Amino acid sequence: MKLLVLILIYKFMSTKAGTGFSQNPDATKAGAEAGKKAMAQIAQPELIIVFASVKYDQEKVLAGIKQISGSAPLIGCSDAGEIVTEGSKEKGVAVMAITSDEIDFITASGGAINGQPKQAGKKLAQELKGKTNNKLNCLMMLSDVLTGNGADIVRGAQEELGDEVLLFGGAAGDDFAFKKTFVYLNNQVLASSLVGVGLAGEFAIGIGVRHGWEPIGLSLKVTKSAGAVVQEINNKPAIKVYEDYFGKQAEAMKKEPLAKMAITYPLGMKIKASDEFLVRDPITVDEQGAITCAAEVPVGAEVNLMIGSKEEAIAAAKKAASLAKEQLKGTAPAAILVFNCIARCKLFGRYANDEIKAIKSVLGENVPLIGFYTYGEIAPFGISGKYRQAYFHNETAVVIALGEK
């Protein structure tokens with residue numbers, strides 16, 4: 001859950017973007033206002049991206065945007081907060097309009113997840129492949145993860161597309177309620193579903209991945225688990241990892257969400273693809289001491305308790321932005337898309353905007369920016385060789401940059 005993911009769509013002479021935001025209490029008006037601002041300098045958008053609070057009637061939000069954007073393809077999802085050029089927001093509607101001569105945008109649906117996330121990922125990839133004759137370079141995925149394993153969604157799409165197609169995206173939210181999320185495709189509002197937009201054509205891409213959390217102590221082995229439920233670590237109840245470090249404080253975890261402590265003390269899982277740990281957010285603990293995480297932790301995985309701070313998390317976000325910028329080799333950004341975990345927002349509290357400022361300090365203060373606070377993020381650790389495999393992350397800063405070849 002705690003992952004920040006940033007996607008930067010970089011400015012070539014042929015690419016242009018605009019963003020808009022509204023907190024109008026009327027859903028239709030909020031959509032129309034945000035859409036109008038986003039399209040102020042985009043006469044004929046080729047893609048509309050929307051992130052919105054579930055406080056609104058979702059259909060009415062899209063209807064308001066469509067009044068402005070017309071028949072332009074639209075993709076998006078509900079969220080746990082919005083991020084725009086002006087900074088971190090909540091309970092509003094954020095819209096980005098994009099046009100490009102170099103990139104073809106192809107939208108598709110993986111359908112309802114229905115407890116079969118891997119199949120949904122495969123279906124999305126298959127639909128996209130059937131809709132373009134150009135080379136598919138990237139796939140942005142927006143998904144519900146309350147009804148399916150986010151890692152399986154990624155796995156299904158990756159198996160179908162291979163490592164040649166870079167996957168990135170985020171898990172829809174519902175204002176931190178964890179009850180029901182929505183994704184958008186053109187005029188449709190879909191519950192518990194998966195949608196995506198493929199990016200085809202010839203353009204450059206760069207990526208940076210950082211989270212800022214450091215391991216504590218020796219690595220431990222997961223000896224019993226089922227999907228996202230970690231039952232035993234080193235043949236002992238999983239909760240003992242926290243009991244060993246926090247003593248009696250662990251008892252409180254059985255009475256209230258473990259996620260409150262996990263904001264600064266998540267679990268980190270070692271993977272072969274990167275020196276970075278793959279972070280997993282513990283959410284709850286049951287009476288037997290099993291911990292339910294925000295994504296899968298397989299048997300045999302080596303894990304560490306992690307520790308972090310606001311300062312380290314902000315530095316990680318800035319580093320991720322810098323890595324992406326470096327890979328563009330001088331190309332100026334045209335737009336920024338940020339996927340940022342709601343848990344990071346909770347960590348920062350009233351200082352959440354400091355993280356967005358750090359990103360903008362690297363990529364430009366006035367570059368159009370849109371994003372949302374998620375329930376998980378999708379991205380590879382890099383763009384070369386073994387690093388291209390995508391993962392479902394928590395609590396990590398990911399920056400993807402697109403540019404002209």
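Just so it is clear, the model here is predicted, and its values are computed rather than measured.
Salt bridge E82/K91: absent, no basic N to carboxylate O contact under 4.0 Å. Ion pairing between E276 and K270 fails under the 4.0 Å rule for side-chain N and carboxylate O. Salt-bridge annotation for E159 and K118: present, with a side-chain N of the basic residue lying under 4.0 Å from a carboxylate O of the acidic one.
H211 places a side-chain N or O within donor-acceptor distance of the main-chain N or O of F277, the cut-off being under 3.5 Å. Proximity of a side-chain donor or acceptor of D144 to a complementary backbone N or O of T147 within less than 3.5 Å is detected. No donor-acceptor distance shorter than 3.5 angstrom exists from the side chain of R280 to the backbone of V297, with no hydrogens or angles considered. The main-chain N or O of D163 is found under 3.5 Å from a side-chain atom of R388 such that the two form a donor-acceptor pair.
Taking the six-membered ring for Trp and the full ring otherwise, the centers of Y242 and Y265 sit at least 6.0 Å from each other. Aromatic rings from H393 and F381 are positioned such that their centres are separated by under 6.0 Å. Aromatic ring centres of F178 and F176 lie closer together than 6.0 Å.
More than 12 heavy atoms of other residues, nucleotides or ligands sit less than 6.0 Å from atom NZ of K66.
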List the steps, then state whether side chain to side chain donor-acceptor pair (under 3.5 Å) holds for Q231 with S225. CA-CA 5 Å; Q231 297 155 328; S225 70; over 6 Å; no
Please determine whether side chain to side chain donor-acceptor pair (under 3.5 Å) holds for the pair S88 and Y373, giving the CA-CA distance in whole Å, both sets of side-chain angles, and the decisive distance to 0.1 Å. CA-CA 9 Å; S88 176; Y373 290 104; 2.9 Å; yes
Residues K360, V367; criterion side-chain contact (heavy atoms from CB on, under 4.5 Å); working and verdict: CA-CA 8 Å; K360 291 169 61 178; V367 179; over 6 Å; no
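In this model, a donor atom of one side chain and an acceptor atom of the other lie less than 3.5 Å apart for Y375 and D174. Using modelled atom types and a 3.5 Å distance limit, the side chains of D175 and S53 yield a donor-acceptor pair. Defined by atom type and a distance below 3.5 Å, a donor-acceptor pair is missing between the side-chain atoms of T19 and K37.
Residues M39 and S69 meet the side-chain proximity criterion, which asks for heavy atoms closer than 4.5 Å. Taking the side chain as every heavy atom from C-beta outward, Q327 and I207 approach each other to under 4.5 Å. Two residues are said to be in side-chain contact when any heavy atoms from C-beta on lie closer than 4.5 Å; V195 and Y184 fail this criterion. Between V299 and T223 there is no side-chain heavy-atom pair separated by less than 4.5 Å.
Note on residues 32-52: pairs passing ring-ring contact (aromatic ring centres under 6.0 Å, His included), not counting sequence neighbours, are F51-F372.
Checked against side-chain contact (heavy atoms from CB on, under 4.5 Å), A238 has the following partners two or more places apart in sequence or in another chain: V230, I233, I291.
L142 and I75 make their closest contact through CD1-CG1, 4.0 Å (heavy atoms, listed as atom of the first residue, atom of the second, distance).
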